[in-house]
Amino acid sequence: MDLTPYVDNLRRELAVAADASGDEARALAERLSAPLESAARLTLLNVLSEAMSDVTRELAPGSVDVRLRGLDPEFVVTPPPAPEPVREAREPVVAPVVAAPPAAEGDDGTMVRINLRLPAHLKGRAEGAAAAEGLSVNAWLVRAVAVALDGGGSAGAPGRGRESGGRGFTGWVR
């Protein structure tokens, strides 16, 4: 990211302010431009670093780092690791692929809030299933509701069903 346009803008603004005050102010502004450039670059770098720290907290376990290359910062994005597939130790389970449901006609993507109260044991299982897929609980629940309503699952737990032997479960697959 090139900070030069931002620093040049600061110099122009300082020159405009100095022009209104005469020759002495203009000369002072010219002498202050070089030290102010360093201070402006440092301030912008601190703001970018703080912003990327906030982004990293939201992206965890991924991260975004700000590094200096010469005088300009660059962003280095480390995505979160892909989740390992969950497998039962006793026997392999083959899960059907469930595609994300298509958006409904006229769906403008507007999000609405709903309160959902789950028993503690279901909440823990939902959190575990979402974590196993690398999703937030909210994203996992949105997908489960969409699949259930679009005919992708039974009336029971979305995306889960008894295998023919009745001994294992299938789950979401990417």
Side-chain angles (χ1 to χ4, degrees), residues 1-87 95 97-104 107-116 118 120 122-147 158-159 171-174:
M1 172 177 212
D2 185 12
L3 295 180
T4 303
Y6 303 102
V7 174
D8 288 345
N9 188 43
L10 179 63
R11 278 188 176 169
R12 280 191 300 276
E13 293 295 325
L14 181 61
V16 168
D19 281 342
S21 298
D23 292 335
E24 284 183 33
R26 192 176 308 113
L28 178 61
E30 288 174 15
R31 286 194 311 265
L32 289 175
S33 290
L36 280 177
E37 179 178 348
S38 297
R41 283 183 182 276
L42 182 60
T43 300
L44 288 170
L45 183 62
N46 285 337
V47 168
L48 290 172
S49 294
E50 186 65 31
M52 291 308 104
S53 178
D54 290 345
V55 169
T56 294
R57 274 193 292 280
E58 294 296 320
L59 189 62
S63 66
V64 179
D65 294 315
V66 180
R67 297 183 185 162
L68 272 182
R69 183 170 297 269
L71 294 175
D72 297 319
E74 67 179 27
F75 301 104
V76 179
V77 178
T78 306
E84 295 278 332
V86 178
R87 296 198 173 122
V97 176
V98 179
D107 183 7
D108 63 352
T110 303
M111 302 299 276
V112 295
R113 180 175 296 274
I114 184 171
N115 290 329
L116 175 66
L118 293 174
L122 285 181
K123 178 182 180 275
R125 290 175 60 194
E127 289 171 339
E133 292 184 41
L135 296 172
S136 68
V137 173
N138 189 65
W140 187 86
L141 287 170
V142 167
R143 187 172 66 183
V145 168
V147 168
W172 296 105
V173 176
R174 287 187 193 220

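Residue indices begin at 1 and follow the sequence shown. All values below come from the heavy atoms of this structure, side chains included, with hydrogens, waters and symmetry mates left out.
In the displayed structure, Tyr6 atom OH is contacted under 6.0 Å by at most 12 heavy atoms of other residues, nucleotides or ligands.
Residues Met52 and Val64 approach most closely at SD-CG1, 3.3 Å, considering heavy atoms. The two residues Ser33 and Leu14 come nearest to each other via the heavy atoms OG-CD2, 4.2 Å. For Ala18 against Ala25, the heavy-atom pair with the smallest separation is CB-O, 3.5 Å. Shortest non-hydrogen contact noted between Pro35 and Leu32 is CD-O, 3.2 Å. Nearest heavy atoms, Ser136 versus Ala130: O-CB, 3.7 Å.
Taking OG of Ser49 as the reference point, atom CG of Asp54 lies at 11.0 Å (rounded to 0.5 Å). Here CG of Asp72 is found 10.0 Å from CG of Leu45. Values are rounded to the nearest 0.5 Å. Distance CZ/Arg67 to CD/Glu74: 7.0 Å, rounded to 0.5 Å. Note: Leu36 CG to Arg11 CZ = 9.0 Å, rounded to the nearest 0.5 Å.
Using a 4.5 Å cut-off on side-chain heavy atoms (C-beta onward), Leu10 and Arg41 make no contact. Between Arg31 and Leu28 there is a side-chain heavy-atom pair separated by less than 4.5 Å.
A salt bridge links Asp23 with Arg26: the closest approach of a Lys/Arg side-chain nitrogen to an acidic carboxylate oxygen falls below 4.0 angstrom.
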Given side chain to side chain contact (heavy atoms under 4.5 Å, CB included), test Glu127 with Leu118 step by step and report yes or no. CA-CA 11 Å; Glu127 289 171 339; Leu118 293 174; over 6 Å; no

Side chain to side chain contact (heavy atoms under 4.5 Å, CB included) evaluation trace for Val55 with Glu58: CA-CA 5 Å; Val55 169; Glu58 294 296 320; 5.9 Å; no

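Here the side chain of Thr43 pairs a donor or acceptor atom with the backbone of Ala39 at under 3.5 angstrom.
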